[in-house]
Structure formats: C-alpha cells, structure tokens
Amino acid sequence: IANCIVLAPMVMNGHAGTKYGVPFPVLARSAFGIRGANVPGVMRALVGCGWFGIQTHVGGQAIYAIVRSAVTGGATTAAPAAIPFLGISTPELACYALFWVAQVAIVVKGIESIRVVEQYAAPLLIVLCIALFCWALAAAGGLGLMLSAPSAFVVGGAREGQFLSVFLPMITAVVGFWATLSLNISDFTRYATSQRAQMGGQAVGLPFFMAAFSFMSIAITSCSVVIFGAGISDPIALLAKMNNGPITTLLAMTGLLVATLSTNIAANIVAPANAFVNLAPNRISFKAGGIITAVLGTVIMPWKLMSDASGYIFVWLIGYSALLGPIAGIMIADYYLIRRRTLDLDGLYTHGPSSPYWYTGGFNPAAVWGFVAGVAPNVPGFLKTSGLLPEAWRATLCPPVMDLVYRYAWFFGFFVGGGLYLVLMYRGRSKNQNLQSLIT
C-alpha cells in the first residue's frame, strides 16, 4: 500500500526531470527560489548522509562476517568488546572503514563508474534474494508455519485491538523510506528517453518488485523460526547463522556487499552530492560532494541508530519524513498547479533579479512558510518519541493529538505544506494583478 502511495509523487516529480533534464536541486528553484532551493537540497542531503552511513554499516558487517568466518572456520566465538565511547568494536569499525573507502573510491572515479556498478549489481541482488528464499523454503519444509500462524492482532492474540496503531505508522514509515527518492527522482529521470519510459519503469519497478522482496523477507524470517527457533530479520545475521562453512559465507556475503554497494551509491550519494554542489558550484565538485556525504554519514555513528529497531522506525524513518513531506507537497503543487508543467529553463540557471525564480532575495517566502507550517506540528511528537522531551513536559507540550499528527508526519506535512504554499502563491498573484490594474 505504501509503495503504491509513494509511487504518485515519484512519477510526478520525475516528469520535470525527463521533460527539462534538470536535477533535483535545480528543479527545487522553481518553488523555493534560486537561493531558497538550498533548503530542500540540504534537507535531502542530510537524510542521504544518514542513509549512506546506515548502508555502509550493513556492508561493514558483511565484511566482518566474512573475515570472522574465515578466521574461526565458521565456529561460534564470543563477539569482541565495543569501544566505550563509540559503541562498536575495533574489528567492526575497521570493516566499516574498508567498505567506506571502497565506496568513496568509486565516487572519485566519477559517474560512469557508478553506472557500471549499477548495471551488474541489480541482477545480482535479485539472484541473491531468490537463492536465500529457496534455501529457507527447503530448510523449513515450506511456508506452512507462516501461512497457518494466526495474526497477533486477532481476538485473544498478543496484540489484540492494536492493528491500526501499528499498521498506520508503518505506512508512514515505509512512505518515509522512499520519501528521499520521491524528491530527487529527477536526478535519474533526467536520463529517461520519454515520459512513458520513466512512468512505466517506476510503475512496474516500485510496487511489483518491492511487494516481491517484502514477501520474500517475511517468508525468510518466518522460516527462520522453524530452522533456528527464533525469527531472524537481519540478512547478515541470517547468513552468518547458516554456518555452512567459510566458502558459503564468502559467496553469500559478497553478494550482499555488491547489492549494498549498488543501493548506497545510487540512492544515498548522488542526491546529497548534487545538493552540496548546488550550495557552492564554483567550489564543490560532484566528487567533493560525495566525500562530504561519506564523512557526515559516519559522524552520526549509524551503528548506534541501527541497534534499536524502534528508534530506526519511529525516530529515523518517521522523523525525517516530517522534513521531506512538506517539500514534496510544495514542489508538486508548484509544478502542476502553479506552473502547469511549464518552466523557464534559462531562468532556473540565472542567478539574480532577472530570473523569474528570484522572488525575494532569491527566496520564495510562500515556500519557506509552507515548509515551516508542514514541519512545526511534528516537532513535539518527534521530541517525545526520540526521548529528547523531558517526562515532566510531555503532557503539556505533546498532547495526544500531537502524537497522532506525528504518526502521519509525511502525509500531514505534504498536504499542509503544499496547501499553504498554494494559498500564499495565489494570494500573491492576486495582489500583483490588482497592482497592475491600478497602474494601467
């Protein structure tokens, strides 16, 4: 459901990329202004930095599993102690650094090397998932347990009556997962040969393949209950648990490494790098932007974020969706309802008052106010969920209605931000028309 929902903004924002050949930071200038476009650009870039760090941690863990299996011969040994102030062990940190360097090396070589990685990595990811799915089915004797297990939400279940309280925030979380690419999809659709190609590719690729991967993930986790006595959703932990010898671990983890490398570079380096370039085109190159992304992604210490599933979903995914929802609403409202899909391409690249997108000092006040209005109501819920709001203040600053708003952060921000932007833009047009009438 969430993938079908987020498909709409992805296709809609992708239209301008194909039609005008512009990347996300340039497209954002239409709504936010020549200088104001740095606001959504930086927001998207910072989220991308976070995701880069998370995926790099996943890749580092895969390398660590390979090394550990080679050293121990697959035998179970005690995990090394974590460095107190970092929360990660020295061997794991070294593996993280190795994977980090490999990705940065690809970025430094340029966009063509990224395309080569994507060309071969995507099919490998599909093969790896299907192989793991087949292994799980064979080892567990089929999907009987998963298909016959009663829901935890039915009467008498462990979570009776809690379905909507879990399901609806999960919809927001999954939408938030794709909220990043739904903004900067023009970075990729600008290379599409036609609107039919970009729409068709996304319409088939996102809902169908995500549904297939989701089903395989659930099935594999369910089968792991039969095989190992406990559900294992982490693919690295599952592959390590298979314990079929160093060679099997090497092959499986190598496939996971390539898949992670592909996803991380395409989804979490291209957009932030372009955004950093847009901040200072004369000083920051795409390569430099990619390195900045990699550094910031490590500074947040992603292994700590990944250590808590609740924090990952309710603080990270829903939290940043509160920032990106208003931007998506404003950009779509601007392109389809204000501009009617017609942009001044030269104006998007003109820096100064002569540009139709200069507005007030390079910023569009309507977009800024729309962004603030879409984000602000989500702040109390985020502070409470993240534990930053003291217990004594929660009842006053974050009443139940604020919790409810935060559960639907992306949707709330999308409609409030986009709606206020339309109101302010139409009001501004009306004032200008009245002024012109008085002059003439």
Side-chain angles (χ1 to χ4, degrees), residues 1-11 14 48 51-52 54-59 61-62 65 117-140 142-143 145-147 149 166-167 169-182 185 188 199-227 231-242 251-268 306 309 312-313 316-318 321 410:
I1 294 174
N3 288 320
C4 290
I5 291 172
V6 81
L7 177 64
M10 290 188 77
V11 169
W51 270 117
F52 174 86
I54 289 172
Q55 293 295 328
T56 301
H57 175 58
V58 172
Q61 288 295 296
V117 170
E118 295 302 312
Q119 181 180 355
Y120 295 102
L124 182 60
L125 175 60
I126 296 174
V127 171
L128 177 64
C129 288
I130 293 176
L132 189 57
F133 177 68
C134 293
W135 168 83
L137 284 183
L143 294 174
L145 177 66
M146 182 187 74
L147 299 177
V166 174
F167 177 74
M170 288 301 122
I171 291 289
T172 304
V174 176
V175 169
F177 180 86
W178 289 108
T180 50
L181 278 176
S182 70
I185 192 65
F188 303 96
M199 287 196 235
Q202 294 194 77
V204 173
L206 184 59
F208 174 76
F209 282 102
M210 279 306 299
F213 280 120
S214 298
F215 173 77
M216 285 192 287
S217 299
I218 294 171
I220 292 168
T221 301
S222 182
C223 289
S224 68
V225 176
V226 179
I227 302 168
I232 304 174
S233 58
D234 183 352
I236 294 176
L238 181 60
L239 291 173
K241 193 82 172 177
M242 289 167 62
L251 293 175
M253 293 299 181
T254 300
L256 183 63
L257 269 175
V258 174
T260 303
L261 182 72
S262 164
T263 302
N264 212 18
I265 290 177
N268 304 319
M306 292 293 289
Y312 170 72
I313 294 172
W316 172 244
L317 289 179
I318 296 182
S321 75
W410 187 89

Does the ring center of Trp410 lie less than 6.0 Å from the ring center of Phe177?
-> no
Separation between CG of Asn268 and OG1 of Thr180, rounded to the nearest 0.5 Å = 7.0 Å
Please assess Ile5 against Ile1 for the test side chain to side chain contact (heavy atoms under 4.5 Å, CB included), listing each intermediate value before the final yes or no.
-> CA-CA 6 Å; Ile5 291 172; Ile1 294 174; 3.9 Å; yes
Measuring from Leu317:CG to Met170:CE, what's the distance to the nearest 0.5 Å?
-> 8.5 Å
May I have the step-by-step check of side chain to side chain contact (heavy atoms under 4.5 Å, CB included) for Ile185 and Gln202, ending in yes or no?
-> CA-CA 10 Å; Ile185 192 65; Gln202 294 194 77; 3.6 Å; yes
Closest heavy-atom pair, Ser321 versus Thr172, reported as atoms and distance to 0.1 Å, is OG-CG2, 4.1 Å
Check the pair Trp316 / Trp51 against side chain to side chain contact (heavy atoms under 4.5 Å, CB included), numbers first and verdict last.
-> CA-CA 10 Å; Trp316 172 244; Trp51 270 117; 3.5 Å; yes
Should Val6 and Leu181 be marked as a side chain to side chain contact (heavy atoms under 4.5 Å, CB included) after you check the CA-CA gap, both sets of side-chain angles, and the distance that decides it?
-> CA-CA 10 Å; Val6 81; Leu181 278 176; over 6 Å; no
Taking all atoms of both residues into account, what is the closest heavy-atom pair of Ile171 and Ala2, and its distance?
-> O-CB, 3.7 Å
